[in-house]
Engineer: 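Below you'll find the structure I mean.
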Amino acid sequence: MKVTVSIIKADIGGLPGHAWVHPKILEFAADRLREEQKRGLIIDYFVYNVGDDMSLLMTHTKGENNPDIHGLAWSIFKEATENIAKKVKLYGAGQDLLKDTFSGNIRGLGPQVAEMELEERPSEPLVVFAADKTEPGAFNLPFYRIFADPFNTAGLVIDPAMHQGFRFEILDVYEGKVYLLDAPENSYDILGLIGTPGRYIIRRIYRKADLIQASVTSVERLNLIAGRYVGKDDPVAMVRAQHGLPAVGEILEAFAYPHLVEGWMRGSHVGPLMPTKMISIDQEKKIALGPKMTRFDGPPKVISLGFQLHDGYLEGPVDLFDDPAFDYSRQLAAQITDYIRRMGPVMPHRLPPEEMEYTTLPQILSKLKPIPVDEYEKNRLQYIQFVTSQASGQATTGPSHD
Ligand code: F6R
Ligand code: MG
Ligand code: MG
């Protein structure tokens, strides 16, 4: 049976600030999806959050980029913004809804989208990810490890079905170009690209032997849509597991190391990606409450839910980072947080100017009057005295350089 799994996510308001999603918003979305399930538009659904981002996971048979499915997500985000986020004045109500009108496809309107149409295998384990206070390229390193690094994924060496390797589809989000590169043959080229995660993003991965699709990641960049910086593009992704694809444990293993990603406070800092447990899962309501973003609006966090698909129905989820063996990764991420925070506004904790969400650098530069270095070296004493006399409100006749 062919099933499409669609994850569409947006930040439509935070409680408080950019820390968390209001539980009423998750309930509103779950209620709307239940109605659509009854009407038959979708087979099944699940609603969850990480920080201030709500994900709608939907299964159906309508294929990718379907106007009804995208329209449903768009109307849920819009209605929740109007009926809840704006009413109780959540912070940044409707933040990710960058355009006013929906015209058939939610891509390019602000929300993140990860969709995969698949032929359900006899057993279909599915691992979904969502991260907050970071960007889609944050998945580059762990996804490379899952599908190309035998030190992470034993199956690459010992499972004959995986031994030929995987084909990576990498998107250059600046040029709008796609690179198709195979691992292990082209692994140095792959790493050459994905080491710049703000530009080159691993979007889809296929098993080389039969081109079965194994993963998909959202790639929307909000600043490229809006033409200006409007916040980080907190990403979502999904990976199919087992039986000739990486095992669930091989997929999760790549997140045990909390690597450094861009985002965090004001979308302008580098910090560790912490694999985090959910707060609670309500199987009845089909809602999972995810972690809050409180330490310096972070640190960046990733959550993972595991499902078994059966005829499009979602059995689960299981909170996959809820394993004491990930406690050490969380501890390490907390230690890195503590360490790197002490750098304050200094790079590389603070991002380079072109990647920052906010920058006062042009204003600072426009009010300061730097002196050409040769001129300064010739009259150094005079210049120093001039600044001192200015500060003490004395004579103002000093050297002039411009
Ligand atoms: C980062 C993020 C937050 C905000 C910060 C300031 O993606 O959402 O860290 O950037 O809380 O928010 P404003 O400028 O809305 O006060
Ligand atoms: Mg927000
Ligand atoms: Mg967010």
Side-chain angles (χ1 to χ4, degrees), residues 7-26 29 47-56 73 77 80-81 84-86 88-98 109-114 128-139 197-198 217-226 228-237 260-274 276 278-279 288-303 337 340-341 344-345 349-351 353-360 363:
I7 305 174
I8 306 186
K9 86 96 218 170
D11 172 353
I12 51 167
L15 171 72
H18 295 276
W20 208 42
V21 166
H22 197 307
K24 278 189 179 156
I25 291 204
L26 299 176
V47 178
Y48 51 97
N49 78 295
V50 51
D52 58 6
D53 294 289
M54 170 170 73
S55 288
L56 311 178
F77 293 143
T81 300
I84 303 169
K86 285 192 177 165
V88 299
K89 295 197 180 175
L90 292 184
Y91 193 71
Q95 174 182 300
D96 282 355
L97 309 181
L98 301 179
L109 304 184
Q112 294 284 318
V113 186
V128 307
F129 292 102
D132 189 25
K133 304 295 185 270
T134 186
E135 58 181 12
F139 288 134
T217 301
S218 65
V219 292
E220 275 63 41
R221 283 220 35 170
L222 300 183
N223 60 328
L224 300 179
I225 297 170
R228 69 197 142 81
Y229 203 110
V230 286
K232 282 282 175 216
D233 332 283
D234 309 317
V236 291
L260 296 174
V261 297
E262 295 191 357
W264 207 349
M265 172 58 78
R266 298 179 184 276
S268 305
H269 292 82
V270 165
L273 185 65
M274 183 187 260
T276 313
M278 304 302 280
I279 292 173
L289 278 178
K292 308 164 189 110
M293 311 298 287
T294 53
R295 175 127 193 224
F296 199 55
D297 281 2
K301 293 191 180 77
V302 58
I303 60 103
T337 297
I340 205 164
R341 274 303 303 128
H349 177 35
R350 197 216 76 195
L351 292 179
E354 59 283 4
E355 282 293 329
M356 282 165 67
E357 179 172 340
Y358 304 68
T359 176
T360 43
Q363 283 118 284

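When a ligand or atom number is given, it counts from 1 through the structure's own listing order. No experiment lies behind these values; they were computed from the predicted model shown.
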Engineer: Would Lys133 pass as a cation-pi partner of Trp264, given that its NZ or CZ must be under 6.0 Å from the six-membered ring centre and within 45 degrees of the axis?
Structural biologist: no
Engineer: Check Asn49 against Met278 and note the closest heavy-atom contact, atom names and distance.
Structural biologist: O-CE, 3.6 Å
Engineer: Any chance you could measure Leu90, atom CG, to Gln95, atom CD, to the nearest 0.5 Å?
Structural biologist: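 One finds 11.5 Å between CG of Leu90 and CD of Gln95.
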Engineer: Heavy-atom pairs closer than 4.0 Å: do any link ligand 1 to the side chain of His18, the backbone, both, or neither?
Structural biologist: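 Side chain only.
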Engineer: For the backbone of Leu289 and the side chain of Trp20, can you confirm whether one donor and one acceptor N or O come within less than 3.5 Å of each other?
Structural biologist: no
Engineer: Using a 3.5 Å distance criterion without hydrogens, assess whether the side chain of Thr134 forms a donor-acceptor pair with backbone atoms of Glu262.
Structural biologist: yes
Engineer: Select one of side chain, backbone, both or neither to describe which atoms of Trp264 lie under 4.0 Å from any atom of ligand 1, heavy atoms only.
Structural biologist: backbone
Engineer: Only one of Val236, Asp11, Ile12, Val21 clears side chain to side chain contact (heavy atoms under 4.5 Å, CB included) with Asp53; which?
Structural biologist: Asp11
Engineer: Assign the ring pair Phe139 / Phe129 to parallel, tilted or perpendicular, where the plane angle (0 to 90°) is split at 30° and 60°.
Structural biologist: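 Correct class here is tilted.
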Engineer: At a 4.0 Å threshold, what atoms of ligand 1 neighbour a non-hydrogen atom of Met265?
Structural biologist: 9 (O)
Engineer: CG/Leu15 to CG/Asp52 distance, rounded to the nearest 0.5 angstrom?
Structural biologist: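 Here the interatomic distance stands at 10.5 Å.
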Engineer: Please check whether Asp297 reaches ligand 1 - meaning an N/O of the residue sits under 3.5 Å from an N/O of the ligand, judged on distance alone.
Structural biologist: yes
Engineer: Show the atoms of ligand 1 that are less than 4.0 angstrom away from any heavy atom in Tyr91.
Structural biologist: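 That gives atoms 13 (P), 15 (O), 16 (O) of ligand 1.
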Engineer: Of all the N, O or S atoms in Asp132, which has the shortest distance to the Mg ion (ligand 3)?
Structural biologist: OD1
Engineer: By atom name, which N, O or S atom belonging to Asp53 lies closest to the Mg ion (ligand 3)?
Structural biologist: OD2
Engineer: Any idea which N/O/S atom from His18 gets closest to the Mg ion (ligand 2)?
Structural biologist: ND1
Engineer: Take every heavy atom of Gly267, measure it against each atom of ligand 1, and state whether any distance is under 4.0 Å.
Structural biologist: yes
Engineer: State, to the nearest 10 degrees, the angle whose vertex is the Mg ion (ligand 2) and whose arms point to OE1 of Gln95 and OD2 of Asp11.
Structural biologist: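 Answer comes to 90°, rounded to 10°.
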Engineer: Of all the N, O or S atoms in Asp234, which one sits nearest to the Mg ion (ligand 3)?
Structural biologist: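 Of all N, O or S atoms in Asp234, the Mg ion (ligand 3) lies closest to OD2.
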Engineer: Please name the atom of Asp52, limited to N, O or S, that comes nearest to the Mg ion (ligand 2).
Structural biologist: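 Closest to the Mg ion (ligand 2) among those atoms: OD2.
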